[in-house]
Amino acid sequence: MFSDVNFKLAVISSLITSGTIDLGTPSAFLARVDKPDYDIEEDGYELSEAAYAYFRTMPLSAEQLGAVRSLSFDGGLPIYEYVFPFWTGETDQFDSASLADIQHVPNVERLSPAMLRDTDLTPLAGLQKLQVLRLQLSGSGWSNLDALLEVPMLQSLRVFGTNFKADGDLAVLGQLRAKGVKVTVL
């Protein structure tokens with residue numbers, strides 16, 4: 001279902017945080033899916049290919065996906081302890097390709113999409129329940145900000161940095177404000 005396993009990891013992390021799924025401790029999980037004698041102190045400095053493959057194929061029900069209300073892409077997500085216990089968060093190996101898989105979590109209300117390679121906001125257009133969006137500073141800049149005009153429940157937009165790609169982005173921010181969206185640019 002997901003085209004991007006790293007996006008799926010962020011979704012699974014949200015499900016862990018909300019208590020919707022319980023994978024047990026990272027040590028027990030890795031002993032179960034990687035190898036019985038998995039030792040975090042010894043093996044945790046490298047990606048567990050077995051755990052990564054497990055999450056790639058892990059089925060998620062429509063009910064579980066519908067339970068995702070908050071979605072964040074951040075180096076400190078709990079899911080990374082299950083695939084790479086001592087990952088520093090300083091590499092891009094868990095960056096998501098894009099926001100294209102957002103369609104699989106239609107009830108998301110809060111979104112903080114950092115760690116993205118493609119910063120096109122078009123996939124957000126029409127998200128019916130999205131209320132809070134936090135856009136982190138992006139090296140490549142955010143594109144298609146006008147897609148946010150098609151997010152009917154958007155109440156708050158916080159943009160860290162002002163690296164917009166299009167000249168019309170400031171006009172879009174004005175239109176969002178006129179619709180009652182609290183826009184903050186830091």
Side-chain angles (χ1 to χ4, degrees), residues 1-18 20-21 23 26 29-30 33-34 40 43-60 64-65 68-127 130 132-148 151 154 157-166 169 185-186:
M1 174 183 293
F2 285 86
S3 62
D4 181 353
V5 66
N6 289 338
F7 191 102
K8 186 177 181 183
L9 288 175
V11 169
I12 294 168
S13 195
S14 177
L15 294 169
I16 291 169
T17 301
S18 69
T20 304
I21 61 173
L23 300 173
F29 173 81
L30 287 161
V33 302
D34 190 304
I40 282 187
D43 301 317
Y45 292 94
E46 294 182 9
L47 174 74
S48 167
E49 294 291 343
Y52 197 69
Y54 175 89
F55 288 122
R56 180 180 291 115
T57 60
M58 178 183 172
L60 294 173
Q64 289 170 322
L65 294 172
V68 174
R69 297 292 188 267
S70 182
L71 188 60
S72 177
F73 299 81
D74 180 83
L77 296 178
I79 190 64
Y80 303 126
E81 294 179 58
Y82 292 87
V83 291
F84 195 157
F86 296 127
W87 180 59
T88 63
E90 296 177 9
T91 64
D92 64 0
Q93 75 188 95
F94 293 116
D95 284 5
S96 293
S98 73
L99 289 168
D101 281 331
I102 197 75
Q103 65 183 321
H104 302 303
V105 287
N107 295 326
V108 69
E109 297 171 358
R110 304 177 66 84
L111 178 63
S112 182
M115 297 174 54
L116 289 175
R117 293 186 187 119
D118 179 359
T119 54
D120 179 5
L121 297 174
T122 302
L124 302 183
L127 278 179
L130 183 62
V132 177
L133 177 61
R134 290 197 166 95
L135 299 176
Q136 308 298 322
L137 184 63
S138 163
S140 61
W142 295 100
S143 63
N144 299 315
L145 195 67
D146 59 330
L148 301 181
V151 180
L154 190 62
L157 170 64
R158 181 175 288 216
V159 183
F160 295 91
T162 56
N163 57 345
F164 299 116
K165 285 187 172 181
D169 286 343
V185 179
L186 303 170

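These figures come from a predicted structure and were not determined experimentally. Computed over heavy atoms, backbone and side chain alike; hydrogens, waters and symmetry mates excluded.
Residue L124 forms a side chain to side chain contact (heavy atoms under 4.5 Å, CB included) with just one option from L154, V108, L148, N144, and that option is L148. Results of the side chain to side chain donor-acceptor pair (under 3.5 Å) test with S112 over R158, Q136, R134 single out Q136 as the only residue that passes.
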Applying side-chain hydrogen bond (donor to acceptor under 3.5 Å, both in side chains), run through S48 and D34 and close with a yes or a no.
CA-CA 7 Å; S48 167; D34 190 304; 2.6 Å; yes

Begin with the C-alpha distance, continue with both residues' side-chain angles, and end with the deciding distance and a verdict on side-chain contact (heavy atoms from CB on, under 4.5 Å) for V159 and L186.
CA-CA 6 Å; V159 183; L186 303 170; over 6 Å; no

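K8 places no side-chain N or O within donor-acceptor distance of the main-chain N or O of D101, the cut-off being under 3.5 Å. D118 places a side-chain N or O within donor-acceptor distance of the main-chain N or O of D120, the cut-off being under 3.5 Å. In this structure, the side chain of N107 does not engage the main chain of V68 through any donor-acceptor pair within 3.5 Å.
A distance of 8.0 Å separates CZ in R117 from OG in S96, rounded to the nearest 0.5 Å. Rounding to the nearest 0.5 angstrom, the gap separating the CG atom in L15 from the CD1 atom in I21 is 5.0 Å. Distance CG/D146 to CG/L121: 9.0 Å, rounded to 0.5 Å. Here L9 contributes atom CG and D4 contributes atom CG; the two are 8.5 Å apart, rounded to the nearest 0.5 Å. Atom CG of L71 and atom CZ of F7 lie 5.0 Å apart (nearest 0.5 Å). From I40, atom CD1 reaches atom CG of D43 across 9.0 Å, with rounding to the nearest 0.5 Å.
Considering only heavy atoms from C-beta on, D95 stays 4.5 Å or farther from L116 through its side chain. Using a 4.5 Å heavy-atom threshold, the side chains of E81 and L23 count as separate. A heavy-atom distance below 4.5 Å is found between the side chains of L127 and I102. You'll find the side chain of L145 reaches within 4.5 Å of the side chain of L135, heavy atoms only. Proximity of Y80 to D74: side-chain heavy atoms (C-beta onward) are nowhere separated by under 4.5 Å. Between E109 and V132 there is no side-chain heavy-atom pair separated by less than 4.5 Å. Looking at heavy atoms from C-beta onward, L47 lies out of side-chain contact with W87 at the 4.5 angstrom threshold. Contact annotation: the side chain of T122 never approaches that of L99 to less than 4.5 Å [non-hydrogen atoms, C-beta and beyond].
Residue P78 comes nearest to S13 through the heavy atom pair CD-OG, 3.1 Å, listed as atom of the first residue, atom of the second, then distance. For the residue pair Q93 and F84, the shortest heavy atom distance occurs at OE1-CE1, 3.5 Å. A pairwise comparison of heavy atoms in S72 and A10 identifies O-CB, 3.6 Å as the closest pair. The two residues V5 and F55 come nearest to each other via the heavy atoms CG2-C, 4.4 Å. Taking all atoms of both residues into account, the shortest heavy-atom contact from A51 to Y82 is CB-O, 3.3 Å.
Ring pair F29/Y54: centre-to-centre distance below 6.0 Å.
Counting non-hydrogen atoms of other residues, nucleotides and ligands closer than 6.0 Å to CZ of R69 gives a total above 12.
The ring pair (Phe, Tyr, Trp, His ring centres under 6.0 Å) test applied to F2 returns H104, not counting sequence neighbours.
Applying the salt bridge (charged side-chain N to carboxylate O under 4.0 Å, His left out) rule to pairs touching residues 44-54 yields nothing, sequence neighbours excluded.
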